[in-house]
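Following: one structure in structure tokens, then a few remarks.
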Amino acid sequence: MRSVPEITVPLQLDDAAAGSLPARLAGRLRSLIGDAVLAPGEAVPSSRALAAHLGISRGSVVAAYDQLLAEGYLVAAAGRSTVVNPQVRRVHPLPVRAATPRRREAAPELDLRPGRPWAAEVVSPAWRSAWRRASAEPVDVLVPPLGLQALRGAWADHLRRMRAVVLEPERLAITGGGREGLSLLLLALAAERTTALRVGVEDPGYPSLRRVPARFGAQVVPLPVDEHGLRVADLPTGADAPDALVVTPSHQYPLGGSLPVDRRQTLLEWARRHRVVVVEDDYDSELRYTSQPLPALAALDDPADGRVVLLGTLSKTLTPALSIGFLALPDWLVPAVAATRRDLGTPVGLVGQRAVAHYLDSGALRLHTQRMRNRYRRRRAQVVAALAGVPGVHVYPMDGGLHAVVETTRPEGEVVAALAADGIRVSPLSEYWSGTGTRPGIVFGFGAVADDDLAHGLERIAAAAGGSGTAPRESS
């Protein structure tokens, strides 16, 4: 049986208004057309359907339509629906903006701000196959609070192979990306407290992730780093120790150091002694160029009574547009995180979780990561070659990742402004500090642009950053 289209036009008749029923209906339709609620070229409801919707005779609707056809508000042709005249303009036009002087056309912008991978090769036969399979499967399935079991199992297997983290899928929680994962964890930790959380962050560190705790009312405690990463010997103790600590041990962001094993062991001992939850941000640890990916800090931790929560996403290995990640939890934290997730709901849909599970199971992510490492290794060499020997410039080591840190003797603001004038966007190095310390320089990404664009950007960076004066000190 053919269904009758539902009438969705906000059309009501005022019984108290003067005039005949067809005249009142025509007036109301005229107002809707004049206000562009009924848009030019849009079909109006059939006379039979509108009459049934309003509870009036079809003859009254026909009479109203005839009046509007005569006035030109509606047009009709044999065998076609009656539509609003495509030439009708709004009765109440939008206000005209004051004319502004034309600006000189800016140079094309080259966005070298860090954080984006090369996503042009993500869509592959394996990727399309994973999404086809996921979309063809039944949808009358409830996703468990911590995520689809198939995805948790596939990700647990991936972590075992790539990060030396051996864990049961039940210890994984699927998240809507890195910041959503950290938010979920902070809410779970705060649920049993009567005072605000104190969260330690690396200084310098990732600005947007550092802002998450403050949004939840936590006190942010900046903690210093050096060329090897977090200065574990300087961590606060006793009552001054934070409740949680966000750290990037495999590739410190942005300076690039890797936490040595002795510091890792000391960090774990400190966390156990002071009951601190260590959030290991594993943002790009699989993108390492001078060696194989380092084992995660979580691999050294006790799975039952441990203190490390591994936070990971696919933003750097695939694309941030996917907005999917995970938390790998010690046993004792699973119930609190699950309870919080039940209250807040699951941010990642069923089809997306299934697709990523199929993609992981096929081994395609490992192959894609290997291809990207080779691409980024060439880009890294391109950066090093272009900036080698430039006066007044010090490039921090780039053992992994998708960004470069360049310290300059020329004032940071001048370098950023000169590049902006050339249509090139980079990030000031000073933005990565939350405390008082800082170093002049820039941070730029080399993952998301074509080789020719990167070559052009590096040429302009060398020209803008280079200058006279003493060479920058070595990082410490």
Side-chain angles (χ1 to χ4, degrees), residues 165 173 175 178-179 181-193 195-226 228-255 257-283 285 294-303 305-313 325-330 332-333 336-337 432-435 437:
V165 177
T175 70
R179 277 172 280 189
L182 179 58
S183 302
L184 173 65
L185 179 63
L186 293 175
L187 288 170
L189 294 175
E192 299 178 358
R193 294 180 55 88
T195 58
L197 288 172
R198 299 179 72 248
V199 180
V201 297
E202 294 175 328
D203 198 34
Y206 190 41
S208 60
L209 202 63
R210 186 175 65 220
R211 290 192 290 266
V212 171
R215 287 288 184 180
F216 288 91
Q219 178 186 352
V220 177
V221 182
L223 299 171
V225 304
D226 58 22
H228 300 298
L230 184 69
R231 284 162 47 180
V232 177
D234 296 332
L235 291 174
T237 59
D240 294 329
D243 302 295
L245 168 65
V246 183
V247 64
T248 52
S250 295
H251 186 219
Q252 200 281 324
Y253 193 90
L255 301 185
S258 298
L259 206 61
V261 66
D262 58 325
R263 288 202 195 184
R264 294 177 181 231
Q265 292 170 336
T266 302
L267 175 60
L268 292 176
E269 293 169 1
W270 170 84
R272 281 192 288 269
R273 187 182 317 119
H274 299 287
R275 311 300 293 170
V276 178
V277 174
V278 177
V279 184
E280 179 180 8
D281 181 8
D282 207 43
Y283 69 103
S285 299
L294 300 175
L297 179 66
L300 304 175
D301 200 26
D302 187 310
D305 191 37
R307 308 305 302 175
V308 177
V309 174
L310 183 64
L311 171 69
T313 75
F326 66 87
L327 293 173
L329 305 159
W332 65 273
L333 254 178
V337 172
Y432 294 82
W433 268 265
S434 58

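Since we're looking at a predicted model, the values are computed, not measured. Side chains are part of it too, since the values below use all heavy atoms of this structure and drop only hydrogens, waters and symmetry mates.
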Would you find a donor on one side and an acceptor on the other, under 3.5 Å apart, between the side chain of [X] and the backbone of [Y]?
X      : Y      : result
Asp282 : Leu310 : no
Gln252 : Asp226 : no
Glu280 : Val309 : no
Trp332 : Arg307 : no
Arg210 : Tyr432 : yes
Trp270 : Gln265 : no

Given Leu197 and Leu189, is the side chain to side chain contact (heavy atoms under 4.5 Å, CB included) satisfied, shown in steps?
-> CA-CA 8 Å; Leu197 288 172; Leu189 294 175; 4.2 Å; yes
Would you name the heavy atoms of [X] and [Y] that are closest together and state the gap between them?
X      : Y      : value
Pro242 : Gly200 : CB-N, 3.7 Å
Thr313 : Gly178 : CG2-N, 3.2 Å
Pro330 : Val308 : CD-O, 3.4 Å
Pro213 : Leu186 : CA-CD1, 3.7 Å
His274 : Ala241 : CB-CB, 4.0 Å
Tyr283 : His251 : OH-O, 2.8 Å

Quick check: are there more than 12 heavy atoms from other residues, nucleotides or ligands sitting under 6.0 Å from CZ of Arg193?
->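 Yes, CZ of Arg193 has more than 12 neighbouring heavy atoms, counting only those of other groups under 6.0 Å.
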Give, for atom [atom1] of [X] and atom [atom2] of [Y], the distance between the pair rounded to the nearest 0.5 Å.
X      : Y      : atom1 : atom2 : value
Leu259 : His228 : CG    : NE2   : 10.0 Å
Leu300 : Asp302 : CG    : CG    : 11.5 Å
Leu235 : Leu267 : CG    : CG    : 6.5 Å
Leu230 : Arg263 : CG    : CZ    : 7.5 Å
Leu185 : Leu333 : CG    : CG    : 6.5 Å

Can you find a pair of side-chain heavy atoms, one from [X] and one from [Y], that are under 4.5 Å apart?
X      : Y      : value
Leu209 : Asp281 : yes
Ser250 : Ser258 : no
Leu223 : Leu245 : yes
Val201 : Val221 : no

Start with the C-alpha distance between Asp305 and Arg272, add both sets of side-chain angles, then the distance that settles salt bridge (charged side-chain N to carboxylate O under 4.0 Å, His left out), and finish with yes or no.
-> CA-CA 9 Å; Asp305 191 37; Arg272 281 192 288 269; over 6 Å; no
Are side-chain N/O atoms of Glu202 and Thr248 paired as donor and acceptor at under 3.5 Å?
-> yes
Passes side chain to side chain contact (heavy atoms under 4.5 Å, CB included), Thr175 versus Leu327? Steps please.
-> CA-CA 7 Å; Thr175 70; Leu327 293 173; 3.9 Å; yes
Step by step, would you call Val277 with Asp243 a side chain to side chain contact (heavy atoms under 4.5 Å, CB included)?
-> CA-CA 6 Å; Val277 174; Asp243 302 295; over 6 Å; no
Do the charged groups of Arg231 and Asp203 touch, with an N to O distance under 4.0 Å?
->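 No, this pair does not count.
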Could you walk me through whether Leu268 and Leu297 pass the side chain to side chain contact (heavy atoms under 4.5 Å, CB included) check?
-> CA-CA 9 Å; Leu268 292 176; Leu297 179 66; 4.1 Å; yes
